[in-house]
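Below are the structure tokens for one structure; questions will follow.
A note on names: the letters A, B, ... follow the listed sequences, proteins ahead of strands, and every chain is numbered from 1.
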2 protein chains.
Amino acid sequence: MAHITARVEYGIHCLLWLVDPASGQPSSRDLAELQGISPSFLAKIFPRLEKAGIVQAADGIRGGYRLAKPPSEITVLEIVDAIEGHKPLFECQEIRGRCAVFDNEPPDWATTGVCGIHAVMLRAEKAMRESLAQETLASIAAVVERKAPNSFPVEVQGWLVERVNGRTSSRSRKLPNGP
Amino acid sequence: MAHITARVEYGIHCLLWLVDPASGQPSSRDLAELQGISPSFLAKIFPRLEKAGIVQAADGIRGGYRLAKPPSEITVLEIVDAIEGHKPLFECQEIRGRCAVFDNEPPDWATTGVCGIHAVMLRAEKAMRESLAQETLASIAAVVERKAPNSFPVEVQGWLVERVNGRTSSRSRKLPNGP
DNA sequence: TTAACGCGGAGTGATACAGTCCGCGTTATG
DNA sequence: CATAACGCGGACTGTATCACTCCGCGTTAA
Ligand code: FES
Ligand code: FES
């Protein structure tokens, strides 16, 4: 698809719900079902965020995720690299050394340093990455919060907390023996 | 592979040889064999550059390509878009409307306008594209020319002209009846 | 007439993305 | 102490794109 994949969209949308500590410590399944995305797919994304130090994981029933740092210190670039692994914008094939007039033995001046075309692509990648580095989870959260009514975050936090509490309480979901 | 593909690398490296009119009007096969890349693959790239008005094609034997504009008016962004077709950096899946608390009927405030995360990606894409738009064929040619010895462009132009002339002249390549 | 050109369409193998399934060790609850 | 839900990792599937090939068509100078 695109260079920045759906994994990143899923990841950031989830992280936004972890900004407010009132959400508790939801599991990846909680966050997936809250947002109507695949739980098994989201479960492959969060370990990467954990290894990058963006999120902290808690084991066992009652386990889940919370931010490992203040949201103002988590940049979008950090998240993208954590999930996609610093994928380059352009991969040079080193065409320049294969010129027919070199006869399979390119001189040093043709292969040392970075090709002029490659350099242009690296500058474009740098511009993109600097733009992503300027945005943080906190700055996005502020924009999103401005758009939604005040009742919305409260409603979602209620949904999440209810789910987390329902994990081990008696009548949570459809039991085989009924209510 | 990467977001900006090998097609673009091939395309720009070829266009650089068209900057100097002394190269004549080489065919895509000429340019491919000069640079050790696949002729049939390069033949799929040039029609796109022609439709974008970057290059002019000439039909028939003795045909080939030449720049359609001065190299200072051909930006790298133009070339990338001509070859790849304005591929977006990020494709939003519109997660925001699928929140469980909406119950399959998202309100207007949740789906109008651009999502805050999508907006961040669009700004990054804009930064990348503006960086690419600042570079032209002429600016890259100047950098490349500075690196190579003066004899190199002359040598390549000789190689190209000889090939073009050899297309229909008598003893050009291994003929069935020999010299 | 021939040979090389540009152009378009169909097809191939490899890779990556989106998504699934399973089993492992961990941990509150009952 | 058994259970159920958790995080984690590996193997797996289907589809789309990329790099590349092959073919046939109409065009044009020798
Ligand atoms: S050799 Fe890769 S961009 Fe020039
Ligand atoms: S819904 Fe696609 S980025 Fe938010």
Side-chain angles (χ1 to χ4, degrees), chain A residues 1-11 24-33 36-51 55-66 83-85 87-88 90-91 93 95 163-170 172-173 175-176, chain B residues 1-11 24-33 36-51 55-66 83-85 87-88 90-91 93 95 163-170 172-173 175-176:
Chain A
M1 307 296 101
H3 186 247
I4 298 179
T5 66
R7 288 196 296 259
V8 173
E9 177 171 1
Y10 296 170
Q25 190 176 255
S27 72
S28 68
R29 289 164 185 81
D30 294 335
L31 291 164
E33 293 184 19
I37 62 182
S38 157
S40 26
F41 189 42
L42 192 60
K44 314 243 71 172
I45 299 172
F46 265 95
R48 298 179 184 221
L49 295 171
E50 197 258 311
K51 273 199 270 293
V55 111
Q56 272 190 349
D59 263 22
I61 191 173
R62 287 281 188 183
Y65 293 100
R66 62 184 184 277
I83 294 177
E84 320 233 284
K87 190 166 48 171
F90 171 79
E91 281 172 29
Q93 314 291 125
I95 299 301
R163 247 188 93 97
V164 171
N165 289 339
R167 275 182 203 166
T168 52
S169 76
S170 40
S172 57
R173 306 230 131 205
L175 296 171
Chain B
M1 187 157 311
H3 184 246
I4 298 180
T5 66
R7 287 196 298 260
V8 173
E9 178 171 1
Y10 296 169
Q25 190 176 256
S27 71
S28 67
R29 290 164 185 81
D30 294 335
L31 291 164
E33 293 184 19
I37 61 183
S38 156
S40 26
F41 188 43
L42 193 60
K44 314 244 71 172
I45 297 172
F46 266 95
R48 298 181 185 220
L49 295 171
E50 197 259 310
K51 274 199 271 293
V55 111
Q56 272 190 350
D59 263 20
I61 193 174
R62 287 280 190 180
Y65 293 100
R66 61 183 185 277
I83 294 177
E84 319 234 282
K87 189 165 49 169
F90 171 80
E91 282 172 29
Q93 313 293 125
I95 298 303
R163 247 189 92 97
V164 171
N165 288 340
R167 276 182 203 166
T168 52
S169 77
S170 41
S172 56
R173 303 234 135 202
L175 295 170

(request) May I ask you to verify if any side-chain N or O of A:T5 is less than 4.0 angstrom from the OP1 or OP2 atom of C:dA18? (result)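 Yes, such a contact exists.
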(message) So, OP1 or OP2 of C:dG11: does either fall under 4.0 Å of a side-chain N or O from B:K44?
(response)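 For C:dG11, OP1/OP2 do not have a side-chain N/O of B:K44 under 4.0 Å.
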(request) Nearest whole angstrom, please: distance from the C1' of D:dT17 to the NE2 of B:H3. (result)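 The distance from NE2 of B:H3 to C1' of D:dT17 comes to 12 Å, rounded to the nearest Å.
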(request) Please state how far atom CD1 in B:I45 lies from atom P in D:dC18, giving the value in whole angstrom units. (result)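 From B:I45 CD1 to D:dC18 P: 12 Å.
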(request) Heavy atoms only: give me the nearest B:V55-B:Y65 pair and the separation to one decimal. (result)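 For B:V55 versus B:Y65, the nearest heavy atoms are CG1-CD2, 3.4 Å.
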(request) Locate the shortest heavy-atom distance separating A:A32 from A:P39; write the atom from each residue and the value. (result)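 Nearest pair, atom of A:A32 first, then A:P39: CB-CA, 3.5 Å.
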(message) Nearest whole Å is fine: how far is C:dT15 C1' from A:K87 NZ?
(response)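 So the two atoms are 12 Å apart, to the nearest Å.
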(request) Kindly say whether A:A6 contributes a backbone atom to a donor-acceptor pair with the side chain of B:Q93 at under 3.5 angstrom? (result)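 Pair absent, no side-chain N/O of B:Q93 close to backbone of A:A6.
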(request) Could you check how far CD of B:E84 sits from P of D:dC18, rounded to whole Å? (result)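 My rounded result for the distance is 7 Å.
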(request) Quick one, give me the B/S/- string for nucleotides 1-7 of chain C, reading 5' to 3', where B means a protein heavy atom under 4.0 Å from the base and S means that only happens at the primed atoms, P, OP1 or OP2. (result) ---BBSS
(request) State whether B:Y10 places a side-chain N or O below 4.0 Å from either non-bridging phosphate oxygen (OP1 or OP2) of D:dA19. (result)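 For D:dA19, neither OP1 nor OP2 has a side-chain N or O of B:Y10 closer than 4.0 Å.
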(message) Could you tell me how far apart B:E91 (CD) and D:dA16 (C1') are, to the nearest whole angstrom?
(response)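 Computing the B:E91:CD to D:dA16:C1' distance gives 11 Å.
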(request) Please determine, for the side chain of A:F41, which listed nucleotide (D:dA19, C:dC17, C:dG19) has the closest atom? (result)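 That would be C:dG19.
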(request) Whole angstrom is fine here: how far is it from CD1 in B:I83 over to P in D:dA19? (result)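 Between P of D:dA19 and CD1 of B:I83: 11 Å.
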(request) Would you please name every residue forming a side chain to side chain donor-acceptor pair (under 3.5 Å) with A:Q25, sequence neighbours left out? (result)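 Residues passing side chain to side chain donor-acceptor pair (under 3.5 Å) with A:Q25: A:R66.
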(request) Take atom CD of B:Q25 and atom P of D:dT27, then tell me their distance rounded to the nearest Å. (result)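 Taking CD of B:Q25 and P of D:dT27, I get 18 Å after rounding.
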(message) Which residues pass the salt bridge (charged side-chain N to carboxylate O under 4.0 Å, His left out) test with B:R7, not counting sequence neighbours?
(response)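 Only B:E84 meet the salt bridge (charged side-chain N to carboxylate O under 4.0 Å, His left out) criterion with B:R7.
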(request) With heavy atoms under 4.0 Å as the rule, sort A:S38 into base, sugar-phosphate or nothing. (result)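 A:S38: backbone/sugar contact only, no base atoms under 4.0 Å.
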(message) Please report the interatomic distance CG(A:L31) to CD1(A:I45), rounded to the nearest 0.5 Å.
(response)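 Reported to 0.5 Å precision, the distance equals 11.0 Å.
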(request) Output all residues satisfying side chain to side chain contact (heavy atoms under 4.5 Å, CB included) with B:S38, sequence neighbours left out; order by chain, then residue number. (result)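 By the side chain to side chain contact (heavy atoms under 4.5 Å, CB included) rule, B:S38 matches B:S40, B:F41.
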(request) Rounded to the nearest angstrom, tell me the gap between atom CD in B:Q93 and atom C1' in D:dA16. (result)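 Value for this atom pair: 13 Å.
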